[in-house]
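Labels below follow one simple rule: chain letters A, B, ... track the order of the sequence lines, proteins then strands, and each chain is numbered from 1. In this text, all values refer to a predicted model and were calculated from it rather than measured experimentally.
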There are 2 protein chains.
Amino acid sequence: MESTLLSRKDQIDQTATALFRTRGFAATSMRELASALGMEAGSIYSHIRSKEEILHRICFRLAEDFFSGFEEAAADEILPAATRLRRAVESHVRVLTADVAASAVFLHEWRHLSEPARTEFLALRERYEAGFRQLIGEGAASGELYAPDPIFAALTLLASLNWLPSWYRPGGPLAPIDIAHRLANQLLFGLEVRGNQK
Amino acid sequence: MESTLLSRKDQIDQTATALFRTRGFAATSMRELASALGMEAGSIYSHIRSKEEILHRICFRLAEDFFSGFEEAAADEILPAATRLRRAVESHVRVLTADVAASAVFLHEWRHLSEPARTEFLALRERYEAGFRQLIGEGAASGELYAPDPIFAALTLLASLNWLPSWYRPGGPLAPIDIAHRLANQLLFGLEVRGNQK
DNA sequence: TTTTCTTGCTAACGAACGTTAGGAAAGGTA
DNA sequence: TACCTTTCCTAACGTTCGTTAGCAAGAAAA
């Protein structure tokens with residue numbers, strides 16, 4: 001007996017996520033997906049409308065996760081910007097590590113969304129990144145952070161974080177929260193030794 | 001009259017690179033590529049052996065560029081490790097910005113190489129990353145760098161750099177060398193203000 | 001019991017895929 | 001002149017693609 005915790009539809013999403021991640025959306029056929037699920041290709045369409053619908057769900061579900069995590073981390077405007085930034089970084093890492101496969105799809109396969117979903121997705125991502133720019137900008141304005149170019153700094157910061165799904169394996173020696181702390185430290189303190197380090 | 005600076009084969013590579021970058025290797029058809037070149041699909045095979053051959057050339061050419069750049073930057077062992085690391089970062093950025101499209105393909109589309117090319121490619125990439133780990137490790141050992149986990153630090157560093165092709169546009173306000181300097185500074189000094197900043 | 005929902009099958013659809021065969025035009029070289 | 005190389009064409013090959021239609025078995029709901 002299979003795990004009945006997931007509906008068949010959720011099983012399809014999950015298996016598709018793994019395949020999309022390793023082989024890419026375009027290179028994953030419905031027959032491959034069906035085979036991985038132990039069924040025939042046509043049968044999948046009792047549960048979904050199209051292949052792209054699966055990708056759509058994966059991408060937009062993660063977008064929501066990132067947003068709600070950020071809200072919670074950065075909403076409290078009493079905290080210093082640097083602290084909120086650190087919390088936002090940790091939230092981002094938490095979402096990434098909670099489902100690495102889905103994160104990888106979210107990061108790389110969104111281009112295979114057709115319009116208007118693609119444009120909608122990019123708008124969401126842009127809003128999310130703007131949140132980070134805002135935090136870094138505030139921190140720079142208040143003198144907490146050294147960031148002569150907040151746009152540039154935000155790009156680099158998210159870049160470091162978003163590479164995580166390409167090497168992180170759940171169950172490794174580092175727990176997600178450890179990774180989050182290390183990343184935050186390295187990004188905020190840098191590599192070069194100057195003065196006291198945490 | 002077309003630009004005769006590039007052989008037809010090179011034109012194919014170049015056009016394919018742009019398409020592979022924006023649409024992905026699997027989602028780019030030979031008929032699309034042909035159409036972008038103003039010819040028919042079958043005609044391409046007068047110049048190449050297969051679609052994958054194009055991808056192979058793109059990926060391995062860039063691998064060579066990265067390697068030779070790194071050698072030149074980091075070979076001089078008289079220099080401090082931190083200096084060599086900075087030079088290696090700048091070299092990496094230079095290769096990335098010299099051909100952003102090819103870099104994006106190099107970074108994302110290598111999975112569509114079939115064996116044994118795929119394994120060979122990954123081995124090259126691993127060797128390259130090991131070079132960075134080595135530099136960071138040396139710097140940490142000599143006390144120049146603060147990097148309690150050189151493996152982790154190297155991953156983060158290359159992550160920040162490799163995100164560049166997803167936002168860099170040639171001809172923008174920042175010249176490649178400026179970007180290289182900023183990236184190196186941000187990665188080596190971090191964002192948090194402690195002591196004198198360059 | 002009857003009905004409905006879920007889940008899956010087989011078979012097939014038209015379209016698109018990478019690739020090949022065979023021929024032809026054009027230009028340089030001998 | 002004859003030959004070779006480069007370049008591109010048309011037409012088609014066998015395969016795979018996403019998707020649909022129609023049907024059937026079992027479980028759940030009425």
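Counting only residues at least two apart or in different chains, side-chain hydrogen bond (donor to acceptor under 3.5 Å, both in side chains) contacts with residues 28-41 of chain B comprise B/Arg23-B/Glu32.
Per the geometry, NZ belonging to A/Lys9 stands 16 Å off P belonging to C/dC5, to the nearest Å. In this structure, B/Met30 places its CE atom 17 Å from P of D/dT10, rounding to the nearest Å. One can place CG of B/Leu37 at 10 Å from P of D/dC9, the figure rounded to the nearest angstrom.
Nearest to the side-chain atoms of B/Ala41 among the listed nucleotides D/dC8, C/dT10, C/dT19 stands C/dT19.
At a non-hydrogen distance threshold of 4.0 Å, nothing from residues 14-26 of chain B comes into contact with DNA chain C. Taking every heavy atom of residues 110-120 of chain B and every atom of DNA chain C, no pair lies under 4.0 Å. If you check residues 45-54 of chain B against DNA chain D, the residues with a heavy atom closer than 4.0 Å are B/Ser46, B/His47, listed by number.
One finds no side-chain N or O of B/Arg31 lying less than 4.0 angstrom from the OP1 or OP2 phosphate oxygen of C/dT19. Proximity of A/Ser29 to the phosphate of D/dT16: no side-chain N or O atom is located under 4.0 Å from OP1 or OP2.
With sequence neighbours left out, the side-chain contact (heavy atoms from CB on, under 4.5 Å) criterion links A/Ala130 to A/Glu126, A/Arg133.
Not less than 6.0 angstrom separates the ring centroid of A/Phe70 from the ring centroid of A/His92.
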**Message:** If a pair means Watson-Crick or G-U wobble with both distances below 3.5 Å, what does DNA chain D look like in dot-bracket form, with | marking bases paired to a different strand?
**Reply:** .||||||||||||||||||||||||||||.

